[in-house]
Amino acid sequence: MNAILKGHVKSKSTNKVLLLFRNTWRRRRGDDCSIDSSTVLLVLKACMMRSCEEEIKHVHTLVLKLGFHCIIFVQTMLVNAYSGVGLVNDAHKVFDEMRERNVVCWTGLISAYVDNGRPSRALKLFRDMQMENVEPDSVTVTVALCACADLGALEMGEWIHSYVRHKRGFKMDLQLKNAVINMYAKCGDIGAARRMFDDMGGSRNVTTWTSMIVGHALHGQAEEALRLFEEMRSRKHGVMVPNDVTYIGVLMACSHAGLVEEGRRHLESMSKVYGLSPRMAHYGCMVDLLCRRGQLNDAYQFVVHMPIRANAVVWRTLLGACSLQGNIQLGAKVRRQLLELEPDHARDNVTMSNAYAAACMWDAKENVRAQMKHTRKVPGCSSIELESSVHEFVS
DNA sequence: CTAGGGTTAG
């Protein structure tokens with residue numbers, strides 16, 4: 001049965017995994033049951049891919065019933081599964097109950113915090129792990145560098161980089177090198193990122209190129225980003241095929257440099273040349289680009305004619321630009337769209353009321369304010385990391 | 001032969 005489940009997981013037929021598992025469980029006879037710990041791993045993986053939290057909890061109770069709860073593979077998978085559906089506390093609970101913890105389950109918990117937007121907690125655990133004399137491997141370090149990137153924690157990132165360079169027998173693989181580039185780029189040291197990139201010569205993959213392109217774009221070095229994009233596709237480096245994330249970097253660069261036509265061309269070539277379908281983020285970049293150039297009406301037309309329905313974030317980009325550039329008429333139109341999508345979003349009303357105020361349209365401003373009193377406010381941002389920051393690295 | 005790693009608009 002595990003072979004069949006494995007096939008279904010591989011082909012992403014997760015519903016078949018769950019159906020087969022439920023049937024087998026229902027028809028079991030006594031303790032003669034074909035469900036073993038490997039079955040549980042596959043089922044948990046399927047649950048995670050479908051993000052069914054209830055099913056994961058159910059499998060967890062089954063795990064206890066079947067006596068698999070002391071198997072480290074099962075425990076680690078439970079940590080990953082809970083994390084995958086956003087239940088970090090449950091993941092941590094499973095981890096706390098583990099008798100033995102090796103580098104894999106530590107890494108699983110650290111990733112859980114990174115994946116759920118708590119990088120400083122992840123770095124604290126990275127330190128705790130070393131206090132317990134568990135040596136990080138290349139996977140752990142890759143995840144920890146991700147946390148540094150998210151936090152902008154340059155010093156910690158440098159420590160980790162120096163740790164992996166000086167530790168005897170530590171193998172720096174491609175994914176780890178990519179994480180180093182990303183960390184330096186996100187933490188503001190674009191020079192260090194570029195040095196790593198240059199040192200890698202012919203061993204770069206698409207992610208390497210993409211990280212560097214995004215890095216330059218984030219640093220406002222649009223020309224260099226676009227130059228790298230052309231270089232990666234040139235014969236010189238074999239046939240490097242960009243992916244959809246590469247195009248995010250390219251469009252960010254165009255946005256920074258105000259290159260409307262070039263941006264449009266790239267967005268088109270993305271699907272025409274490489275068969276990649278643009279996602280909301282790509283259209284968002286394009287809207288941002290048009291707005292920055294002051295082409296608000298073009299931006300509006302672009303949003304209306306997009307092949308996918310714009311989300312609130314895209315409309316909000318446009319609303320922000322209308323407010324900033326004092327285009328009241330368009331701003332009001334955009335706000336109507338936003339009210340349909342997210343009627344409770346208080347900040348949009350604030351933006352709009354500020355726009356009216358900037359245009360000295362006091363009555364209109366009053367109207368928006370009055371309207372706000374009738375709707376419940378939803379804070380735009382509500383979580384703050386209340387944990388001590390990480391100051392040092394155990395080496 | 002079972003568990004962990006990615007680069008993503010504002």
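In what follows, chains are A, B, ... by sequence order, proteins preceding strands, each numbered from 1.
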**Q** Should we say atom CZ of A:Arg50 is surrounded by more than 12 heavy atoms from elsewhere, each under 6.0 Å from it?
**A** yes

**Q** Picking from B:dA3, B:dT2, B:dG4, which would you name as closest to the side chain of A:Val139?
**A** B:dG4

**Q** Counting side-chain heavy atoms from C-beta on, which of B:dG6, B:dG4, B:dA9 comes nearest to A:Asn80?
**A** B:dG4

**Q** State which of B:dG4, B:dT8, B:dG10 makes the closest approach to the side chain of A:Thr140.
**A** B:dG4

**Q** Is the cationic atom of A:Arg121 (NZ for Lys, CZ for Arg) positioned less than 6.0 Å from the six-membered ring centroid of A:Tyr113 and within 45 degrees of its normal?
**A** yes

**Q** What nucleotide among B:dG4, B:dT8, B:dG5 has an atom nearest to a side-chain atom of A:Gln175?
**A** B:dG5

**Q** I want to verify a distance call: between B:dG10, B:dG4, B:dT2, whose nearest atom is closest to the A:Ser37 side chain?
**A** B:dT2

**Q** What's the closest nucleotide to the A:Arg279 side chain, out of B:dT8, B:dA9, B:dT2?
**A** B:dT8

**Q** Could you check whether A:Arg279 pairs with A:Asp244 (Lys NZ or Arg NE/NH1/NH2 to Asp/Glu carboxylate O, under 4.0 Å)?
**A** yes

**Q** Looking at A:Lys333, is its backbone amide N or carbonyl O close enough to the side chain of A:Gln337 to form a donor-acceptor pair, meaning the two atoms are under 3.5 Å apart?
**A** no

**Q** Quick check for you: among B:dG5, B:dG4, B:dA9, whose closest atom lies nearest to any side-chain atom of A:Asn311?
**A** B:dA9

**Q** Compare the minimum distances between each of B:dA3, B:dG10, B:dA9 and the side chain of A:Val313, then state the nucleotide with the smallest one.
**A** B:dG10

**Q** Pick base, sugar-phosphate or nothing for A:Asn2, based on heavy-atom distances below 4.0 Å to the nucleic acid.
**A** nothing

**Q** Side chain to side chain contact (heavy atoms under 4.5 Å, CB included), that's the test. Do A:Val206 and A:Met232 meet it? Break it down for me.
**A** CA-CA 8 Å; A:Val206 197; A:Met232 81 176 273; 4.2 Å; yes

**Q** Mind listing the residues from residues 41-61 of chain A sitting with a heavy atom below 4.0 Å of DNA chain B? Number order is fine.
**A** A:Leu41, A:Lys45

**Q** Can you list, pair by pair, the side-chain donor-acceptor contacts under 3.5 Å of residues 63-74 of chain A, counting residues two or more places apart and other chains?
**A**
none

**Q** With heavy atoms under 4.0 Å as the rule, sort A:Ser138 into base, sugar-phosphate or nothing.
**A** base

**Q** Out of B:dG6, B:dG10, B:dG5, which nucleotide sits closest to the side chain of A:Leu176?
**A** B:dG5

**Q** Please say whether more than 12 non-hydrogen atoms of neighbouring residues, nucleotides or ligands are located less than 6.0 Å from CZ in A:Arg99.
**A** no

**Q** OP1 or OP2 of B:dG10 less than 4.0 angstrom from a side-chain nitrogen or oxygen of A:Arg292, does that happen here?
**A** yes

